[in-house]
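First up is the structure itself, then whatever we jot down about it.
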Amino acid sequence: MGSITLRAVSKTFGSTTVLRDINLVIQEGEFVVVVGPSGCGKSTLLRIVAGLERATSGHTLLDDRPIDNMPPYHRNIGMVFQNYALYPHMTVYDNLAFGMSAHKVPKKEIQTRIGQVAELLELQTLLRAKPSTLSGGQRQRVAVGRALVRQPHAFLMDEPLSNLDALLRERMRVELRRLHERLRIPTLYVTHDQTEAMTLADKLAVMRAGEVLQVGTPKTVYQQPATVFVAKFLGSPPMNLVRVESRTRGAMNPVGGAEEAVAMPAWIQEGWEDATDENGTIWCGFRPESVMKRRGPGGLEIPITVEAVETLGPRCHVHGSWGGQPITLTAEDGAMWTRGAVMRVAVPWDQVHWFHGRTERRIEPRPARLETLETGGAG
Ligand code: ADP
Ligand code: MG
């Protein structure tokens with residue numbers, strides 16, 4: 001076992017750039033999830049690590065050794081795909097044995113390894129079955145088993161759960177994570193499903209159009225999204241993002257809204273000119289779960305026109321608008337929200353996100369310590 005490093009990996013097909021300067025490390029024992037919409041380059045990235053595709057530039061390293069010229073088999077990286085690709089005419093046992101027989105692993109050794117993997121994945125009673133008689137979840141386990149019997153240095157998984165129905169997907173997600181806790185094989189898992197990404201990952205990389213936008217723990221990426229895209233992509237319901245403008249100093253409105261202006265923090269006012277697009281607007285964001293019904297002590301205080309309340313068992317989603325822009329918030333008690341009413345809500349300032357109006361990059365207050373140092377230095 002070891003680590004995998006992608007160093008400045010780019011890939012073009014003809015004149016189309018599919019991957020641009022990808023840098024990513026999968027440490028020993030780590031479960032890394034790359035998440036991004038369909039077509040952003042996830043499968044291409046995995047195929048490069050597996051050796052099925054060559055990078056146009058940049059390097060792949062296994063334990064700090066470049067493996068760009070190493071053929072796929074010698075990399076000994078197990079792959080699990082979305083469409084399992086099991087041989088339909090072979091039994092589960094033969095499916096598991098196939099890769100090893102082809103590479104002349106002794107029969108006895110094959111038996112031992114299949115025994116171990118079958119026990120680990122609870123496939124013992126299925127070894128004589130044909131794939132067509134198995135459920136989706138069982139087939140998925142066989143596909144994982146087939147990668148596992150090779151005793152791989154690392155795992156690559158390409159949307160392995162997307163063919164399963166919702167309930168099974170949830171169960172397999174837990175199984176995969178549990179398996180990882182036991183074996184700690186470094187894993188690079190790609191998916192377009194943000195829930196899978198958030199729940200499985202030790203480390204998350206969010207991709208868009210061939211680029212990695214942000215890498216971090218799910219918590220960090222969720223709490224401090226680097227761009228508007230990342231902010232919207234993770235979380236359900238997604239973050240509320242409102243374009244705001246400032247008509248009077250220290251106050252802001254949703255663009256075009258006729259509502260009274262609301263106060264904004266001093267540090268945003270100070271940096272306002274540098275943060276706007278050509279129309280003088282910036283992005284103000286807050287997550288549905290950050291919205292409080294009662295007026296808190298300060299924070300973003302806004303009037304919301306309630307339009308619909310969806311009840312989902314333990315909580316509900318309240319849909320409404322602020323200055324004509326859609327807002328969703330989550331609440332425990334739907335009865336407290338009256339359709340058609342204008343209700344005052346508050347979001348604590350430390351849960352309000354700001355993004356540049358043009359670049360859509362996150363804006364943070366300057367750390368107080370740095371400011372003091374700088375002032376100190378100037379004086
Ligand atoms: P994802 O897995 O995130 O959906 P892919 O890596 O499959 O994305 O594809 C990324 C982009 O690269 C897509 O626009 C796809 O059409 C293109 N692409 C993938 N493989 C090839 C290829 N062999 N030739 C040309 N274009 C390709
Ligand atoms: Mg894909």
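As the structure lists them, so they are numbered: ligands from 1, and atoms in each ligand from 1.
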Quick note on ligand 1: atoms under 4.0 Å from a heavy atom of S38 include exactly 4 (O)
Test of understanding: given a 4.0 Å heavy-atom threshold, classify the contact between V18 and ligand 1 as side chain, backbone, both, or neither. side chain
Looking only at protein heavy atoms, identify the closest one to atom 4 (O) of ligand 1 and say how far it is in Å. G39 N, 2.6 Å
N279-R358 side chain donor-acceptor pair, cut-off 3.5 Å: no
Less than 3.5 Å apart, any donor N or O on the side chain of R75 or H153 sitting next to an acceptor on the other? no
Less than 4.0 Å between atom 15 (C) of ligand 1 and some protein heavy atom, yes or no? no
Would you say R7 has more than 12 foreign heavy atoms packed within less than 6.0 Å of its CZ? no
Would you call D94 and Y87 a side-chain contact if the rule is heavy atoms closer than 4.5 Å? no
Report the member of G36, G14, A209, G41 with the shortest heavy-atom distance to atom 8 (O) of ligand 1. G41
Distance to 0.1 Å, residue and atom name: give those for the protein heavy atom nearest to atom 5 (P) of ligand 1. T44 OG1, 3.6 Å
Which atom pair, heavy atoms only, marks the closest approach of V345 to L329? CG1-CD2, 4.5 Å
Check D68 against T60 and note the closest heavy-atom contact, atom names and distance. OD1-N, 2.9 Å
Just by distance, do the side chain of S290 and the backbone of V347 share a donor-acceptor pair under 3.5 Å? no
Donor-acceptor pair, distance only, cut-off 3.5 Å: does the side chain of R173 make one with the backbone of E196? no
Report the nearest protein non-hydrogen atom to atom 7 (O) of ligand 1: residue, atom name, distance rounded to 0.1 Å. S43 CB, 3.7 Å
Which residue holds the protein heavy atom closest to atom 23 (N) of ligand 1, what is that atom called, and what is the gap in Å? F13 CE2, 3.4 Å
Atoms (protein N, O or S; no water) under 2.8 Å from the Mg ion (ligand 2): 1
Can you tell me if CD on E122 sees more than 12 non-hydrogen neighbours from other groups inside 6.0 Å? no
I'd like to know if atom 20 (N) of ligand 1 has any protein heavy atom within a distance of less than 4.0 Å. yes
Taking side-chain hydrogen bond (donor to acceptor under 3.5 Å, both in side chains) as the definition, give me every residue that meets it alongside Q111, ordered by chain and number, with sequence neighbours left out. none
